[in-house]
Amino acid sequence: MSFEIPDDLYYLETHEWVRHDDGTARIGISDFAQDELGDVVFVELPDEGEALDREGQFGVIESIKAVSDLYSPVSGTVTTVNEALFDEPELVNDDPYGDGWMLELEDVSEADLESLLSPDEYRDQIE
Amino acid sequence: MALRKPPLRGTHADRGAKFTEFGGWDMPVEFDSIRTEHVAVREAAGIFDVSHMGEIVVSGPDATRLMQRLTTNDVTCLAPGDGQYSAITNERGVVLDDTVVYSLPADRQPEADDETAYLFVPNAGHDTEMHERWTTHRDEWGLDCTVENATEDYAMFALQGPDAEDLLARAAGEEVRDVARFDVAEATVEGVDLLAARTGYTGEDGFELLLPWDDAETVWDAFDCQPCGLGARDTLRIEQGFLLSGQDFDPDDEPRTPFEAGIGFVVKLDTEFVGRDALTDARDPDERFVGFELTERGVPRHGYDITNDEGMVIGGVTSGTMSPTLDKPVGLGYVPREYTDPGTAIRVVVRGRQKSARITETPFK
């Protein structure tokens with residue numbers, strides 16, 4: 001089975017992705033991760049304004065069969081959480097890189113971004 | 001130790017199934033998605049490969065006596081082709097396993113008038129232990145019967161859902177419609193002779209098919225319906241409040257009597273069985289198996305604490321899930337009897353946070 005791994009994102013070993021755009025980082029989990037979890041039924045996310053550390057736990061995602069912690073690929077301050085996931089957690093399954101995004105951060109460190117996996121490196125990890 | 005494999009392990013893998021270890025077996029947990037499979041069983045039909053379930057065949061002049069002494073229900077009321085749910089308890093009345101006991105249909109009974117043949121189905125991974133338990137007690141009590149562990153002679157499929165009867169009737173003939181709940185009958189599918197039992201673990205109408213191991217592919221292919229894995233089997237049985245061996249009861253980790261576990265109806269105290277004396281004094285237990293639903297967001301899981309409304313730990317969650325049918329978090333567990341009335345407020349500690357919940361009747365609605 002092949003999984004979608006967009007080329008414009010960076011990845012953490014624990015399967016979170018980050019899209020960096022002009023000082024703002026959007027975060028979610030990968031296509032591979034949502035497939036491994038199966039039907040997502042619950043997502044717990046931090047409050048806006050919360051400061052996150054790189055690789056710090058920022059929330060929890062639960063599928064029917066499993067519970068997983070969520071880790072931030074970069075340090076930064078939460079500016080927005082995707083509240084649609086509280087009512088429609090299945091968006092993570094349906095569109096992990098689009099409507100299933102989780103957080104937006106600001107004050108993101110460039111150095112953090114450089115230490116993440118490239119799409120090719122992430123592809124190697126899951127294959 | 002290497003995992004035991006069901007006969008269709010390769011076929012399921014080719015179909016894209018994901019696998020999990022269960023009771024020492026490498027079993028498909030999910031083919032498409034748990035939700036898709038769950039809904040198919042509630043609304044139409046699904047087929048499960050449950051070849052990890054054990055099969056023990058007991059036959060001979062003393063087969064009835066041995067079965068009667070090692071299971072809590074009354075096997076003497078079974079005629080050929082009848083089945084019953086039962087429990088297996090130790091001397092302390094603790095449930096070692098739950099099982100379905102079938103008196104085999106007439107054609108599979110021994111020819112001698114004074115002999116009877118039974119097949120019972122222990123849970124995954126319990127077949128060796130149960131075979132040993134049966135043979136040890138047979139020898140100790142000097143009974144005349146044979147006990148055969150036939151687990152790897154039989155594949156087992158569960159065809160479940162409102163359309164299951166039509167599917168089986170199309171494949172095996174109209175007479176299967178006459179098989180009553182818990183009964184077992186001979187049937188033939190694609191030339192394969194098998195046993196069709198009107199049992200299941202989903203709360204839906206359906207059949208469990210016991211067939212020769214080597215004919216598994218032929219019979220599996222005869223049914224055009226949703227293949228389902230153990231994930232959906234778990235969500236379906238939790239919605240019904242059905243026990244899972246090794247999780248909702250376990251002689252080591254969760255030792256429970258049948259009365260605590262809510263299956264006192266399979267204990268016939270007027271028969272002689274191992275554990276009877278202990279159970280005679282245990283009919284009104286202090287702790288009982290209940291269903292509950294969370295009224296806050298979160299998913300209850302095995303091992304989470306249950307507290308009372310003041311936050312004092314009073315019990316534990318043994319099973320839980322987000323119900324795909326009801327779209328709400330539901331769970332099963334044990335609490336003191338003063339907390340068992342439907343509507344009683346409790347809390348479930350979900351990753352350190354106390355979430356509001358209430359006791360509810362099962363099956364969940």
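We name chains A, B, ... by the order of the sequence lines, and we start the count at 1 in each one.
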Exercise. Against chain B, label A:E44 side chain, backbone, both or neither, depending on which of its atoms sit under 4.5 Å from a heavy atom there.
Key: side chain
Quiz prompt | Heavy atoms from other residues, nucleotides or ligands near CG of A:D124 exceed 12 (cutoff 6.0 Å) | solution = yes
Quiz item: When rounded to the nearest 0.5 angstrom, what is the spacing between CG in A:L37 and OG in B:S33?
Solution: 13.0 Å
Quiz item: Hey, are B:E30 and A:K65 close enough for a salt bridge, meaning a charged N less than 4.0 Å from a carboxylate O?
Solution: yes
Self-check item: Test item: B:R301 side-chain N/O and A:A66 main-chain N/O as donor-acceptor pair under 3.5 Å
Solution: yes
Self-check item: Contacting moiety of B:P324, where chain A heavy atoms sit under 4.5 Å
Solution: side chain
Quiz item: side-chain contact (heavy atoms from CB on, under 4.5 Å) between A:V67 and B:V299: does it pass, once the steps are laid out?
Solution: CA-CA 9 Å; A:V67 187; B:V299 184; over 6 Å; no
Practice problem: Flag yes if more than 12 heavy atoms outside A:E121 fall under 6.0 Å of its CD atom; otherwise flag no. | Solution: yes
Practice problem: Measure the spacing between CG of A:D39 and CZ of B:R35 and express it to the nearest 0.5 Å. | Solution: 5.5 Å
Self-check item: Over 12 foreign heavy atoms within 6.0 Å of OH, A:Y10
Solution: no
Quiz item: Using a cut-off of under 4.5 Å for heavy-atom pairs, which of B:G231, B:P329, B:G298 has the most such pairs with chain A?
Solution: B:G298
Quiz prompt | Residues, nucleotides or ligands: over 12 heavy atoms within 6.0 Å of B:R351 CZ | solution = yes
Practice problem: Answer yes or no: is there a donor N or O on one side and an acceptor on the other, between the side chain of B:R297 and the main chain of A:V43, under 3.5 Å? | Solution: yes
Self-check item: Region of B:T235 in contact with chain A, defined by heavy-atom distances below 4.5 Å
Solution: side chain
Practice problem: Search all heavy atoms of A:I64 against all heavy atoms of B:M322 and return the closest pair with its distance. | Solution: CG1-O, 4.4 Å
